[in-house]
Amino acid sequence: MPHISPDADAFRPCIVIPVFNHGGAIAGVIDRLRSFGLPCWLIDDGSSADCATILDALAGAESSWVHLERLPLNQGKGAAFRHGLACAEQAGFTHVLQIDADGQHDPADLPKLLEQSRLHPEAVVTGVPIYDDSVPRLRLYGRYLTHVWVWINTASLQIQDSMCGFRLYPVPSTSQLMRQCRIGNRMEFDTDIIVHAYWDGAQIISVPTRVRYPEDGVSHFRMLRDNARISFMHARLFVIMLWRRMGLGPAIKPWTSTGKN
């Protein structure tokens, strides 16, 4: 495991990729990330034996920068990210780039996220998808419904897209947030954490990024189960928002253009 010395540059990003049975895509993702020279943690979230073998081979072949952590059972993207965040924090990194393992996100846009994160180190820098024709229409309409709920629960349009899993998080504040708040571990994770970060006063910076849905891509989204989980999350956030605005919980800190409150 790499460790960063205390006198290293103050901006020290790394990559965390939750992986659950994405054996067909993860090697391509790693290949496209190699040129950026950032240490990377693959978090195997209880994958099948076939995918686990591929991850073992990747970590062995790219051992200078790819590090494999394995969860014994599938716990969800949020739980895998939490584990990777802890690894990054222990190793002394200041920021974690989250990117999906299925090849949807374009690593060529990574420099834009890194630049914004370097300029605004306390911000959450998130991708806002630019879709091509590969996006399923039903998924696209469902995202807009989530956008509306997020705008209601934050009383703001600052979070342009809450579901994109291509993000840079500041490690200390994100670790503290995940210890203090209940954040969902599965398909609701990306929305849940960014709303809580906004409530906590984080600046949210949006960066347009290309997103595609590969024809042979693996999706773990389950229509009934995951839509029910996401709906419950929105209802829970709505109740928390009302509770906080009535002064019965921590105040919702206003976002400012400088990211300072």
Side-chain angles (χ1 to χ4, degrees), residues 18 20 45-46 71 73-85 96 98 100 102 104 123-129 131 135-167 169-170 173-206 211 213 219-255 261:
F20 178 55
D45 186 25
L71 303 181
L73 298 172
N74 175 253
Q75 300 176 42
K77 177 182 183 178
F81 176 80
R82 188 189 304 268
H83 186 86
L85 183 69
V96 162
Q98 172 194 336
D100 286 355
D102 58 5
Q104 287 187 32
V124 176
V125 181
T126 182
V128 174
Y131 293 109
V135 60
R137 295 292 106 180
L138 190 60
R139 295 283 292 274
L140 189 60
Y141 301 147
R143 294 180 76 94
Y144 279 108
L145 182 59
T146 279
H147 296 344
V148 171
W149 269 112
V150 167
W151 298 334
I152 291 171
N153 285 331
T154 60
S156 167
L157 300 178
Q158 184 61 38
I159 301 174
Q160 296 180 28
D161 187 291
S162 70
M163 301 184 75
C164 183
F166 190 24
R167 291 181 183 163
Y169 293 95
S173 56
T174 304
S175 295
Q176 181 177 1
L177 182 68
M178 295 192 75
R179 287 192 294 266
Q180 292 179 343
C181 301
R182 173 187 172 183
I183 306 293
N185 280 334
R186 295 191 178 274
M187 290 295 181
E188 73 275 29
F189 167 73
D190 291 320
T191 297
D192 211 353
I193 191 171
I194 202 168
V195 169
H196 275 94
Y198 177 86
W199 284 347
D200 203 44
Q203 182 180 8
I204 310 297
I205 296 177
S206 298
V211 173
Y213 282 74
S219 173
H220 299 297
F221 190 87
R222 300 294 178 262
M223 189 65 66
L224 293 178
R225 181 192 66 188
D226 291 320
N227 277 326
R229 182 176 284 119
I230 290 170
S231 297
F232 178 77
M233 173 204 64
H234 288 310
R236 173 171 53 82
L237 293 176
F238 183 73
V239 170
I240 295 172
M241 179 271 292
L242 292 179
W243 184 263
R244 295 176 69 153
R245 289 198 178 278
M246 288 188 296
L248 300 175
I252 297 177
K253 302 174 185 178
W255 177 86
N261 297 301

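The residues of the chain are indexed from 1 along the displayed sequence.
- Remark: Gln180 pairs with Gln176 by the side-chain contact (heavy atoms from CB on, under 4.5 Å) rule, at least two apart or across chains.
- For the atom pair CG of Asp190 and CE of Met163, the computed distance is 8.0 Å after rounding to the nearest 0.5 Å.
- Formation of a donor-acceptor pair under 3.5 Å by the Asp45 side chain with backbone atoms of Ala80 is not found in this model.
- Note that the CD1 atom of Ile152 and the NE2 atom of His147 stand 13.5 Å from one another [nearest 0.5 Å].
- Contact detail for Asp192 and Gly184: the closest heavy-atom pair is OD2-N, 2.8 Å.
- Atom OG1 of Thr146 sits about 5.5 Å away from atom CE of Met233, to the nearest 0.5 Å.
- Residues that satisfy the ring pair (Phe, Tyr, Trp, His ring centres under 6.0 Å) test with Phe81, not counting sequence neighbours, are Tyr169, Phe189.
- Ile204 contributes atom CD1, which lies 8.0 Å from atom OG1 of Thr126 (distance to the nearest 0.5 angstrom).
- Trp149 places no side-chain N or O within 3.5 Å of a backbone atom of Phe238 that could act as its donor or acceptor partner.
- Across every non-hydrogen atom of Pro170 and Val124, the tightest pair is CD-CG2, 4.3 Å.
- With hydrogens and angles left out, the side-chain atoms of Asn74 and Arg186 include a donor and acceptor closer than 3.5 Å.
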side-chain contact (heavy atoms from CB on, under 4.5 Å) evaluation trace for Arg236 with Arg182: CA-CA 10 Å; Arg236 173 171 53 82; Arg182 173 187 172 183; 3.7 Å; yes
side-chain contact (heavy atoms from CB on, under 4.5 Å) evaluation trace for Trp199 with Ile240: CA-CA 10 Å; Trp199 284 347; Ile240 295 172; 3.5 Å; yes
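- Using modelled atom types, one side-chain atom of Asp102 and one backbone atom of Gln104 make a donor-acceptor pair closer than 3.5 Å.
- The distance from the CG atom of Leu157 to the OG atom of Ser206 is 11.0 Å, given to the nearest 0.5 Å.
- Gln160 approaches Trp151 most closely through the heavy-atom pair O-CZ2, 4.3 Å.
- The two residues Arg82 and Asn185 come nearest to each other via the heavy atoms NH2-OD1, 3.9 Å.
- Heavy-atom minimum distance, His196 versus Leu237: CE1-CD2, 3.5 Å.
- Every side-chain hydrogen bond (donor to acceptor under 3.5 Å, both in side chains) that Asp100 has, sequence neighbours left out, goes to Lys77.
- With values rounded to the nearest 0.5 angstrom, Thr174 atom OG1 is found 6.0 Å from Leu85 atom CG.
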